[in-house]
Amino acid sequence: MQTLAFLAVFLPLLGCALAGAPILAGARGHGVDRWAQLSTSACVAIAALCSVAIFWSVALNHQPRNFELLTWIDSGAFEASWAIKLDALSATMLCVVTIVSTCVHVYSIGYMGHDPAIPRFMSYLSLFTFFMLMLVTADNFVQMFFGWEGVGLASYLLIGFWHDRESANAASIKAFVVNRVGDFGLALGIFGVFLMFGSVHFDTVFQAAPAKAGETISFLWFEGHALTILCLLLFVGAMGKSAQLGLHTWLPDAMEGPTPVSALIHAATMVTAGVFMVARLSPMFELAPAALHVVCIVGALTAIFAASVGLVQNDIKRVIAYSTCSQLGYMFFAAGVSAYSAAIFHLMTHAFFKALLFLGSGSVIHALEGEQDMRRMGGLGPKIRITYWMMMIGSLALAGIGIPFVFGFAGFYSKDIVLESAFAAHSGPGAFAFWLGIAAAAMTAFYSWRLLFMTFSGQPRGDHHAHEHAHESPAVMLVPLYVLAFGAIVAGAAGYAYFVGDHRGEFWGAAIKVLPEHDSVGHAHHVPAWVKVLPLVASVAGIGMSWGLYIRNPEVPARLAARFQGLYLFLLNKWWFDELYDRLFVRPSFGLGTALWKKGDGAVIDGLGADGLAANTLAAARRVSALQTGYVYHYAFAMLIGVVAFATWYLVRG
């Protein structure tokens with residue numbers, strides 16, 4: 001088992017090295033490109049097979065393990081190890097990350113086949129995967145922080161991969177800076193954990209947490225409940241990484257990276273790290289109910305915010321990006337009502353159908369030679385029929401379509417249990433999340449089918465030449481779609497009993513801690529029938545409205561946008577968050593920086609400091625050197641003045 005764990009985690013790092021080595025050696029050519037594609041894909045695929053074996057042994061056969069590789073830091077009372085923690089939670093994440101990453105690697109062979117920097121791209125993908133695996137298998141806060149910052153670094157490299165584009169550079173910097181805000185909160189939380197518990201190891205902290213439940217701690221200018229403050233600080237980190245409302249602005253701009261990057265970041269890796277962390281820290285959050293309420297409310301607001309913005313976006317990738325943001329909100333408000341298992345269940349199913357949608361959108365972009373604006377698409381169904389049906393499956397799973405008590409797509413099971421758990425919590429935040437979640441479900445179905453109708457139905461609206469030459473993607477891009485589509489169809493039904501059903505207790509074991517009075521997942525199975533049916537009704541209503549507006553009466557959306565122009569612009573401009581942040585933070589920061597540069601550095605430091613002293617010395621030397629004329633009568637005159645001065649001084653003193 002230890003060998004399997006080692007291979008599952010470190011094979012992607014080996015793939016990164018194998019792909020990057022020729023770059024460092026200066027090698028170029030088709031052979032180098034092919035080597036990078038095959039070596040990285042093979043390493044990640046083997047890691048995926050090892051992860052499946054680990055999941056079978058650890059999660060299904062209930063044999064959690066913990067392997068310490070080496071002691072990383074040992075300084076006084078502070079000790080942190082490199083370790084691989086295997087339980088149901090980490091084994092689930094291992095499978096999700098490696099399977100989706102394998103699909104993305106293979107897909108990239110076709111999608112990025114003509115890029116001039118293939119080895120660099122494949123190396124970055126594998127590096128990203130390795131850091132995420134280090135994060136989910138960590139057994140202490142410091143190792144988790146290492147993986148956390150690693151995926152931040154790798155996302156910066158991947159979002160800005162096409163660095164010759166100004167928009168890509170700006171998007172990568174924005175993602176990096178916004179995440180630094182969240183990571184500052186996470187770092188403070190980790191400092192506070194060590195201050196309070198004297199350890200950064202999860203098991204040690206979790207065992208000591210109940211005894212610390214009543215303690216207080218000083219933070220900034222007030223004294224507050226210690227675990228609540230620590231959990232809120234840690235949640236700030238989760239908000240940044242998982243793009244929750246307030247720290248979400250980097251997510252849509254991340255679409256500037258290649259489409260495989262969008263699928264990897266937004267489906268199974270970076271953006272799900274925050275959800276994973278809250279589930280991992282459930283023994284702490286369970287003792288901080290106020291923090292859970294904040295998590296629930298922020299998640300619910302994120303779900304409705306992102307869904308509303310997705311209604312009017314025209315870039316095919318941005319629609320799916322806002323969908324990701326909204327679904328992450330679902331996961332967080334599930335965690336906020338102590339339904340951690342439902343949050344991870346939705347994380348797992350979402351990884352399959354969201355990666356399917358992103359890679360499907362990449363297939364559309366590939367067919368249209370780079371076009372991403374849905375207003376310039378239409379009529380592509382007969383041209384790229386396989387891609388159309390793959391995206392149809394992904395949209396059915398995202399909307400949560402199914403036949404109650406018979407069968408449904410993956411989202412039918414996972415999204416519904418999230419909503420049922422929120423209702424079953426019987427709390428103010430839970431009810432708030434439930435109703436916003438229902439509204440977001442209707443919006444989700446609407447914009448999902450809006451995307452399908454605008455892209456694949458009706459008459460072509462864009463470049464005639466591009467439409468005429470639109471073609472289906474090669475097999476190397478379609479096979480990953482088949483794998484993900486299979487997951488989008490069966491993952492919900494296959495995992496329901498283990499993740500949130502009758503076997504959830506033995507499946508999760510000690511990986512997730514829920515107090516008996518907080519068991520919202522257990523209570524969710526006994527909610528009224530209308531609560532179970534309402535999400536499906538909302539989704540069907542959203543699909544019907546989308547059909548009415550974009551198929552039956554396609555002229556109506558433009559009239560509605562003109563009539564409700566204020567609301568339309570409000571949603572189109574993403575609730576004006578970017579403009580608000582620009583005025584509140586960006587402009588003052590630039591103003592302060594300019595003042596410090598011009599007046600502080602230029603006028604004070606350069607003017608009065610080293611540069612100023614050097615300039616004044618040089619000027620004085622020039623003035624003194626002007627006295628050295630070389631004429632004897634000048635020197636005689638100077639001597640005479642000196643004699644007169646001394647004589648005068650002597651007479652005055654006398």
Side-chain angles (χ1 to χ4, degrees), residues 239 242-246 248 251-252 266 271-272 274-275 295-313 318-337 339 342-343 345-347 349-350 353-354 357 394-402 408-425 428-451 524 530-546 567 570-572 574-575 577:
M239 287 178 63
S242 295
Q244 293 301 282
L245 187 65
H248 67 280
L251 189 76
H266 295 78
V271 295
T272 61
V275 181
V295 173
C296 182
I297 293 170
V298 170
L301 291 173
T302 302
I304 195 70
F305 154 74
S308 67
V309 174
L311 295 174
V312 298
Q313 297 301 305
R318 284 180 181 259
V319 173
I320 304 173
Y322 278 107
S323 172
T324 298
C325 189
S326 180
Q327 297 305 305
L328 287 165
Y330 275 90
M331 299 174 206
F332 273 109
F333 77 65
V337 295
F345 184 38
H346 194 48
L347 184 157
T349 60
H350 174 265
F353 58 74
K354 190 52 60 68
L357 287 171
S395 297
L396 288 168
L398 173 61
I401 301 301
F409 290 86
F412 174 75
Y413 296 94
S414 61
K415 187 163 70 174
D416 282 18
I417 193 65
V418 165
L419 291 168
E420 291 161 13
S421 298
F423 181 88
F432 178 76
F434 173 76
W435 289 110
L436 288 190
I438 293 295
M443 294 179 183
T444 299
F446 178 88
Y447 65 63
S448 297
W449 257 256
R450 174 178 176 265
L451 183 152
W530 67 267
V531 175
K532 293 180 176 291
V533 174
L534 188 57
L536 180 61
V537 173
S539 295
V540 173
I543 294 172
M545 185 177 294
S546 182
L567 177 61
F570 178 69
L571 298 179
L572 186 65
K574 303 154 288 189
W575 291 24
F577 265 102

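A search for ring pair (Phe, Tyr, Trp, His ring centres under 6.0 Å) contacts involving H346 returns nothing, not counting sequence neighbours. Partners of F409 under the ring pair (Phe, Tyr, Trp, His ring centres under 6.0 Å) rule, at least two apart in sequence or in another chain, do not exist in this structure. Evaluation of the side-chain hydrogen bond (donor to acceptor under 3.5 Å, both in side chains) rule for S308 yields W575 as partners, not counting sequence neighbours. F423 pairs by the ring pair (Phe, Tyr, Trp, His ring centres under 6.0 Å) definition with F434, W530, not counting sequence neighbours.
Aromatic pair F305/H248: ring centres closer than 6.0 Å.
Put simply, the side chain of T272 does not reach to within 4.5 Å of the side chain of S242, judged on heavy atoms. Under the 4.5 Å side-chain criterion, counting only non-hydrogen atoms from C-beta, W449 is in contact with L396. Side-chain contact check for T324 versus H350: some heavy-atom pair is nearer than 4.5 Å.
Minimum interatomic distance between G430 and V337 (heavy atoms only, all atoms of both residues): CA-CG1, 3.9 Å. In terms of heavy-atom proximity, P252 sits nearest to Y322 at CG-OH, 3.3 Å. Nearest heavy atoms, F353 versus A410: CD2-CB, 4.2 Å.
In this structure, CG in L419 is found 12.0 Å from CG in L536, a value given to the nearest 0.5 Å. I417 CD1 to Y330 OH: the interatomic distance, rounded to the nearest 0.5 Å, is 14.0 Å.
Each salt bridge (Lys or Arg N to Asp or Glu O under 4.0 Å) pair with one or both residues in residues 532-544, not counting sequence neighbours, appears once here: E420-K532.
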task = Give the intermediate values and the outcome of side chain to side chain contact (heavy atoms under 4.5 Å, CB included) for residues L451 and I320.
result = CA-CA 9 Å; L451 183 152; I320 304 173; 3.9 Å; yes
task = Go through the steps to decide whether V418 and M331 satisfy the test side chain to side chain contact (heavy atoms under 4.5 Å, CB included), and finish with yes or no.
result = CA-CA 7 Å; V418 165; M331 299 174 206; over 6 Å; no
inquiry  = Between Q327 and K415, does the side chain to side chain contact (heavy atoms under 4.5 Å, CB included) criterion hold? Intermediate values first, please.
reply    = CA-CA 9 Å; Q327 297 305 305; K415 187 163 70 174; 4.0 Å; yes
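A donor-acceptor pair under 3.5 Å is absent between the side-chain atoms of K574 and the main chain of V309, judged by distance alone. Side-chain atoms of S539 do not come within 3.5 Å of backbone N or O of I401 as any donor-acceptor pair.
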Please set out all donor-acceptor pairs under 3.5 angstrom arising from side-chain atoms of residues 435-448, sequence neighbours excluded.
from : atom 1 : to   : atom 2 : distance (Å)
T444 : OG1    : A440 : O      : 2.7
Y447 : OH     : S323 : OG     : 3.2
S448 : OG     : T444 : O      : 2.7

Only distances under 3.5 Å count here; give the side-chain donor-acceptor pairs of residues 295-304 to other protein atoms, sequence neighbours excluded, each with its distance to 0.1 Å.
from : atom 1 : to   : atom 2 : distance (Å)
T302 : OG1    : Q244 : OE1    : 3.2
T302 : OG1    : L245 : N      : 2.9
T302 : OG1    : V298 : O      : 2.8

